[in-house]
Amino acid sequence: MINTFKTYADRAQQHPNACARDLLMLMERKKSNLSIAVDVTSKAELLSIANQAGPYICLLKTHIDIVDDFDADLVDQLETLAKQHDFMIFEDRKFADIGNTVKRQYGNGVYKIASWAHITNAHTVPGEGIIDGLKEVGLPLGRGLILLSEMSTKGALTKGDYTVESVAMARRHQDFVFGFIAQHQMNETPDEDFLVLTPGVGLDVKGDGMGQQYHTPHDAIVSRGCDVIIVGRGIYGHPDQIQTQAQRYRDAGWDAYLERCKLHQ
Ligand code: S5P
């Protein structure tokens with residue numbers, strides 16, 4: 001692992017991928033490396049949490065297919081909130097099929113993910129064709145893709161050669177793929193700048209009894225070199241404290257980033 005340290009602002013200036021540039025600039029402008037994972041099942045709750053957490057986040061991560069009363073208006077309202085509070089939207093679809101199928105899952109169907117999600121993600125298990133399929137739909141729309149190279153859960157099979165091959169795939173598609181869902185920084189050469197968005201982040205608990213494993217924002221950002229912390233239940237699990245918890249994780253993530261900057265000065 002090579003550590004050629006640059007600030008988010010430096011990276012925004014130099015990054016070859018437009019979506020990554022937008023995200024890095026937003027992070028710097030808003031002083032936030034926090035992505036909230038809003039895994040709730042009602043439209044009203046999703047919108048309310050997005051509105052309350054909006055000022056503190058750089059990225060809103062959705063699982064749009066768990067919303068019982070999904071409709072097109074939900075997407076319209078999320079887009080309005082994204083503009084109002086200045087955040088981007090990441091649909092955590094975890095595509096995992098052949099290229100010809102995923103391009104339809106991405107662009108068509110009820111959710112039409114490519115039409116509104118700035119970022120989505122994919123497993124690499126089917127091989128590189130999955131990137132080709134998603135790219136056909138997403139690249140003309142200016143969207144970005146991240147690959148799952150390491151999962152956060154106990155016993156995950158995303159390790160060793162799987163992770164190495166996933167990074168190699170990303171390297172061959174840098175016009176569209178700009179980073180990873182992972183637990184560590186993934187760059188291998190000094191000129192590489194993949195963003196690492198990392199889930200399994202919590203300040204109060206170590207796990208959830210279903211395999212999830214939590215680390216602190218400090219561990220994720222300073223020790224493991226990740227760029228964006230993804231926090232779900234640590235924030236939305238306290239429905240009466242959305243703003244307080246979002247601010248707490250935003251501060252913890254940003255303080256950790258400032259510490260990382262200092263360490264490399
Ligand atoms: O390896 C992973 C990849 C993802 S995208 N582990 C994860 O937990 N996630 C997602 O991050 C998961 O689907 C959920 O939306 C979020 C973590 O939520 P939390 O409530 O455990 O913080």
Side-chain angles (χ1 to χ4, degrees), residues 19-20 22-23 26-27 30 32-97 102 104-123 134 137-138 141-148 151-152 178-181 195 197-202 208 212 227-239 242-243 245-246 249-250 253:
C19 199
D22 288 348
L23 180 58
L26 198 160
M27 288 160 69
K30 213 166 163 184
S32 173
N33 52 17
L34 172 64
S35 170
I36 185 172
V38 201
D39 296 339
V40 296
T41 55
S42 92
K43 173 181 168 182
E45 221 182 326
L46 173 48
L47 288 169
S48 165
I49 293 170
N51 191 31
Q52 292 178 73
Y56 307 101
I57 59 172
C58 59
L59 197 59
L60 182 91
K61 188 176 84 60
T62 53
H63 278 301
I64 208 68
D65 59 351
I66 65 173
V67 179
D68 291 325
D69 50 349
F70 170 86
D71 60 9
D73 177 64
L74 169 58
V75 168
D76 289 349
Q77 292 206 50
L78 281 178
E79 287 182 315
T80 303
L81 287 172
K83 287 203 184 86
Q84 184 185 329
H85 293 300
D86 193 20
F87 59 75
M88 290 169 73
I89 305 176
F90 165 23
E91 165 55 20
D92 184 5
R93 174 62 178 77
K94 296 189 180 73
F95 292 101
D97 213 320
V102 294
R104 293 174 164 92
Q105 292 174 321
Y106 187 27
N108 300 88
V110 175
Y111 302 115
K112 300 182 186 15
I113 294 165
S115 73
W116 53 269
H118 303 99
I119 300 167
T120 193
N121 57 355
H123 285 293
L134 293 170
V137 175
L141 296 170
R143 304 309 188 198
L145 181 70
I146 57 181
L147 301 177
L148 286 115
M151 290 198 72
S152 61
F178 68 87
F180 300 97
I181 292 288
L195 273 75
L197 285 57
T198 195
V201 174
D208 69 353
Q212 180 66 294
D227 298 305
V228 172
I229 52 169
I230 298 174
V231 181
R233 284 163 284 183
I235 300 174
Y236 77 78
H238 307 271
I242 300 295
Q243 281 176 303
Q245 294 298 335
Y249 279 97
R250 192 272 317 266

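Basis for what follows: all heavy atoms, side chains included, without hydrogens, waters or symmetry-related copies. Residue indices begin at 1 and follow the sequence shown.
Considering D68, D76, D73 as possible partners of K43, the one that fulfils the salt bridge (charged side-chain N to carboxylate O under 4.0 Å, His left out) test is D73.
The salt bridge (charged side-chain N to carboxylate O under 4.0 Å, His left out) contacts involving residues 53-67 comprise K61-D92, where partners must be two or more places apart or lie in separate chains.
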Determine, step by step, whether Y106 and R93 satisfy the side chain to side chain contact (heavy atoms under 4.5 Å, CB included) criterion, reporting the C-alpha distance in whole Å, the side-chain angles of both residues, the deciding distance to 0.1 Å, and the verdict.
CA-CA 9 Å; Y106 187 27; R93 174 62 178 77; over 6 Å; no
Determine whether F70 and V110 satisfy the following criterion, side chain to side chain contact (heavy atoms under 4.5 Å, CB included), listing intermediate values before the conclusion.
CA-CA 9 Å; F70 170 86; V110 175; 3.7 Å; yes
Criterion side-chain hydrogen bond (donor to acceptor under 3.5 Å, both in side chains) on T62 and E91, from CA distance to verdict:
CA-CA 5 Å; T62 53; E91 165 55 20; 2.7 Å; yes
Working note: I235 + L34, criterion side chain to side chain contact (heavy atoms under 4.5 Å, CB included); need CA distance, chi angles, decisive distance, verdict.
CA-CA 11 Å; I235 300 174; L34 172 64; 4.0 Å; yes
Trace of the side chain to side chain contact (heavy atoms under 4.5 Å, CB included) decision for V231 with Y249:
CA-CA 8 Å; V231 181; Y249 279 97; 3.7 Å; yes
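For the atom pair I230 CD1 and N33 CG, the distance stands at 11.5 Å (nearest 0.5 Å). Going from atom SG of C19 over to atom CE of M88 covers 4.0 Å, rounded to the nearest 0.5 Å. Note that the CG atom of D22 and the CZ atom of F178 stand 9.5 Å from one another [nearest 0.5 Å]. A distance of 10.0 Å separates NZ in K30 from CG in L59, rounded to the nearest 0.5 Å. For the atom pair CG (N121) and CG (L147), the distance works out to 8.5 Å, reported to the nearest 0.5 Å. From F180, atom CZ reaches atom CG of L195 across 10.5 Å, with rounding to the nearest 0.5 Å.
Among all heavy-atom pairs drawn from V137 and A114, the shortest one is CG1-CB, 3.7 Å. H238 approaches R233 most closely through the heavy-atom pair CD2-O, 3.9 Å. A pairwise comparison of heavy atoms in L23 and I119 identifies CD2-CD1, 4.3 Å as the closest pair. Of all the heavy atoms in I229 and G253, the pair that sits closest is CD1-CA, 3.9 Å. Smallest separation of non-hydrogen atoms from M27 and D227: CE-O, 3.6 Å. Residues R250 and S32 come closest through the heavy atom pair CG-OG, 3.7 Å.
Between V75 and Y111, every side-chain heavy-atom pair lies at or beyond the 4.5 Å cut-off. Residues L74 and I64 form a side-chain contact, since some pair of their non-hydrogen atoms from C-beta on lies under 4.5 Å apart. The closest side-chain heavy-atom distance from R143 to T120 is not below 4.5 Å. For the pair P199/I181, a side-chain contact is recorded, criterion being any heavy-atom separation below 4.5 Å from C-beta on. In this structure, the side chains of Q212 and M151 stay at 4.5 Å or more apart for every pair of heavy atoms. With contacts defined as side-chain heavy-atom distances shorter than 4.5 Å, the pair L26/D86 qualifies.
H123 places no side-chain N or O within donor-acceptor distance of the main-chain N or O of A96, the cut-off being under 3.5 Å. Judged by distance alone, with hydrogens and angles left aside, the side-chain atoms of W116 form no donor-acceptor pair with the main-chain N or O of L78 at under 3.5 Å. The closest donor-acceptor contact from the side chain of D69 to the backbone of S42 lies at 3.5 Å or more, if one exists at all.
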Distance-only donor-acceptor pairs under 3.5 Å for side chains of residues 49-57, two or more places apart:
unit_1	atom_1	unit_2	atom_2	d
N51	OD1	H85	NE2	2.8
Q52	NE2	S48	O	3.4
Q52	NE2	S48	OG	3.0

